[in-house]
Amino acid sequence: MRLTTAFTLVSLSVVAAASAQHFGMPPGMTHEEHLAQMKKDVEMKQHGQMAMGFDQDAATHHFTLATNGGAIALSANDAADQMTREQIRTHLNQIAHAFGRGDFQAPFLTHSEMPPGVATMQRLKAQITYTFEPTERGGVVRITTANTEALNAVHQFLRYQINEHKTGDPITVEK
C-alpha cells in the first residue's frame with residue numbers, strides 16, 4: 001500500500017512537472033516542434049526590434065482584414081511610454097511609404113522570409129494605398145484597394161501577420 005501511494009505521488013509529480021514545461025504548447029505539436037516554434041518566436045522578436053526600432057514586448061500588434069483592404073495597428077502597452085509611442089509612429093509612417101513603393105524589407109527582416117501576398121502587392125503597388133494615422137498610443141496603417149487580386153494578396157499578408165505575431169485577431173473580413 002505504501003509503495004503504491006509513493007508511486008502515485010511520484011507519478012503525479014512527474015506529470016505536473018511535464019505539464020509545467022509544456023504550458024501553452026499547442027495540441028498535436030511535438031516537443032521538438034514546440035522548441036523550434038519557441039526559438040522562432042524569440043528570433044522574430046529580436047529581428048522585429050531591429051527592423052521596427054522598438055521593444056516588441058512594449059507594444060501590441062493588431063491586424064484587421066476589411067472589405068477594401070485592412071489595417072496594421074501598433075500601440076504602446078503603457079500609456080505613459082512616450083518613447084515607444086513615438087518609435088511606433090515613426091515605424092508605421094515609414095512602413096506606409098515603403099509599402100507604397102513596393103518595399104517590404106521590414107517584414108522580411110522581421111520574419112526571415114517574405115510573407116505571402118507580397119509579390120502580388122509589389123506588382124500591383126499602384127492599385128494599393130497605404131495611409132498612416134497616429135493613434136493615442138501609436139498608430140495605424142490603413143491599406144485600401146479596389147483591385148480584387150490586390151485585395152486577396154493584402155488579406156494573405158495580414159493573415160500571415162496575425163498568425164506569426166499570435167495576435168488572436170480575426171482572420172476573416174470585418175464588415
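What you see below is based on every heavy atom in this structure, not just the backbone, and it leaves out hydrogens, waters and symmetry mates.
- In this structure, Val141 is a member of the same hydrophobic cluster as Leu74, with clusters built from ILVMFWY side-chain heavy atoms closer than 4.5 Å.
- Residue Val173 is grouped with residue Ile162 when hydrophobic side chains (ILVMFWY) are merged at heavy-atom distances under 4.5 angstrom, including chains of intermediate members.
- Under the salt bridge (Lys or Arg N to Asp or Glu O under 4.0 Å) criterion, Arg142 pairs with Glu133, not counting sequence neighbours.
- Here salt bridge (charged side-chain N to carboxylate O under 4.0 Å, His left out) pairs that include residues 76-96, with residues two or more places apart or in two chains, are Glu86-Arg89.
- A search for side chain to side chain donor-acceptor pair (under 3.5 Å) contacts involving Thr167 returns Asp169, not counting sequence neighbours.
- Under the 4.5 Å side-chain criterion, counting only non-hydrogen atoms from C-beta, Val118 is not in contact with Tyr160.
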Using atom types as modelled, flag every donor-acceptor pair under 3.5 Å from a side chain in residues 150-158 to any protein atom, sequence neighbours excluded.
{"residue": "Asn152", "atom": "ND2", "partner": "Thr148", "partner atom": "O", "Å": "3.4"}
{"residue": "His155", "atom": "NE2", "partner": "Ala66", "partner atom": "O", "Å": "2.9"}
{"residue": "His155", "atom": "NE2", "partner": "Gly69", "partner atom": "O", "Å": "3.0"}
{"residue": "Gln156", "atom": "OE1", "partner": "Gly117", "partner atom": "N", "Å": "3.4"}

Do any side-chain atoms of residues 120-130 form donor-acceptor pairs under 3.5 angstrom with protein atoms, and if so which ones, sequence neighbours left out?
{"residue": "Gln122", "atom": "NE2", "partner": "Gly102", "partner atom": "O", "Å": "3.0"}
{"residue": "Arg123", "atom": "NH2", "partner": "Glu149", "partner atom": "OE2", "Å": "2.3"}
{"residue": "Lys125", "atom": "NZ", "partner": "Arg101", "partner atom": "O", "Å": "3.3"}

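- Across all their heavy atoms, Gly138 and Ile88 have their closest contact at CA-CG2, 3.7 Å.
- Hydrophobic cluster membership is shared by Ile143 and Ile95, with clusters built from Ile, Leu, Val, Met, Phe, Trp and Tyr side chains linked at under 4.5 angstrom.
- A donor-acceptor pair shorter than 3.5 Å can be found between the side chains of Thr60 and Asn77.
- With sequence neighbours excluded, no residue forms a side chain to side chain donor-acceptor pair (under 3.5 Å) with Asn163.
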